[in-house]
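Here is the structure we will look at.
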Amino acid sequence: MLASRQLTDGAQLPHREPEGMAVLLPGPADSHRPRLAFGLASIRDGSTRLASIYYKEAR
(Lines give C-alpha, C1' and ligand atoms only; values in the text may rest on other atoms or scores of the structure.)
Protein backbone atom coordinates (compact mmCIF):
# COMPACT_ATOMS: atom_id res chain seq x y z
CA MET A 1 0.00 0.00 0.00
CA LEU A 2 1.27 3.47 -0.85
CA ALA A 3 1.39 6.05 1.90
CA SER A 4 0.67 9.66 1.14
CA ARG A 5 1.79 12.78 2.90
CA GLN A 6 1.32 16.46 2.36
CA LEU A 7 4.36 18.37 1.13
CA THR A 8 4.86 21.82 2.54
CA ASP A 9 7.91 22.76 0.49
CA GLY A 10 7.56 26.26 -0.89
CA ALA A 11 4.86 27.15 1.64
CA GLN A 12 6.51 30.57 2.07
CA LEU A 13 5.84 31.45 -1.58
CA PRO A 14 2.95 33.90 -2.02
CA HIS A 15 1.47 31.74 -4.77
CA ARG A 16 2.68 28.33 -5.88
CA GLU A 17 1.63 26.22 -8.82
CA PRO A 18 3.14 22.82 -9.64
CA GLU A 19 5.00 22.81 -12.95
CA GLY A 20 6.67 19.42 -13.22
CA MET A 21 8.33 16.44 -11.58
CA ALA A 22 11.36 14.27 -12.34
CA VAL A 23 13.31 11.41 -10.80
CA LEU A 24 17.03 12.16 -10.57
CA LEU A 25 19.11 8.99 -10.68
CA PRO A 26 22.63 9.05 -9.23
CA GLY A 27 25.62 8.45 -11.48
CA PRO A 28 28.17 5.66 -10.83
CA ALA A 29 30.48 7.97 -8.82
CA ASP A 30 27.61 9.66 -6.97
CA SER A 31 26.87 8.58 -3.41
CA HIS A 32 23.33 10.05 -3.38
CA ARG A 33 20.15 8.01 -3.51
CA PRO A 34 17.53 8.69 -6.19
CA ARG A 35 15.73 12.00 -5.71
CA LEU A 36 12.26 13.19 -6.57
CA ALA A 37 12.55 16.74 -7.92
CA PHE A 38 9.62 19.04 -8.48
CA GLY A 39 9.24 22.59 -9.68
CA LEU A 40 6.88 25.28 -8.48
CA ALA A 41 6.00 28.49 -10.27
CA SER A 42 5.18 31.61 -8.29
CA ILE A 43 4.60 35.30 -8.89
CA ARG A 44 6.21 38.13 -6.93
CA ASP A 45 5.12 41.77 -7.05
CA GLY A 46 2.23 40.94 -9.36
CA SER A 47 4.39 40.46 -12.47
CA THR A 48 7.77 38.86 -11.69
CA ARG A 49 7.56 35.11 -12.40
CA LEU A 50 9.77 32.82 -10.36
CA ALA A 51 10.64 29.13 -10.61
CA SER A 52 11.69 27.15 -7.53
CA ILE A 53 13.09 23.61 -7.65
CA TYR A 54 12.87 21.32 -4.61
CA TYR A 55 13.85 17.70 -4.12
CA LYS A 56 13.28 14.83 -1.73
CA GLU A 57 15.81 12.03 -1.26
CA ALA A 58 14.62 8.42 -1.28
CA ARG A 59 14.43 6.80 2.13
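For this chain, numbers begin at 1 and follow the sequence in order.
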Under 3.5 Å donor-acceptor, R16 side chain and D9 backbone: yes
Could you state whether I53 and M21 fall into the same hydrophobic cluster, counting links through intermediate Ile, Leu, Val, Met, Phe, Trp or Tyr residues with side-chain heavy atoms under 4.5 angstrom apart? no
Side-chain touch F38/E19, heavy atoms, less than 4.5 angstrom: no
What I'd like to find out is whether the side chain of P34 reaches to under 4.5 Å of the side chain of L24, using heavy atoms alone. no
Atom pair CD1/NE2 of I43 and H15 - distance to nearest 0.5 Å: 5.5 Å
Check step by step if side chain to side chain contact (heavy atoms under 4.5 Å, CB included) holds for L36 and Y55. CA-CA 5 Å; L36 174 64; Y55 69 86; over 6 Å; no
Heavy-atom pair with the smallest gap, counting every atom of S42 and L13: OG-CD2, 4.0 Å
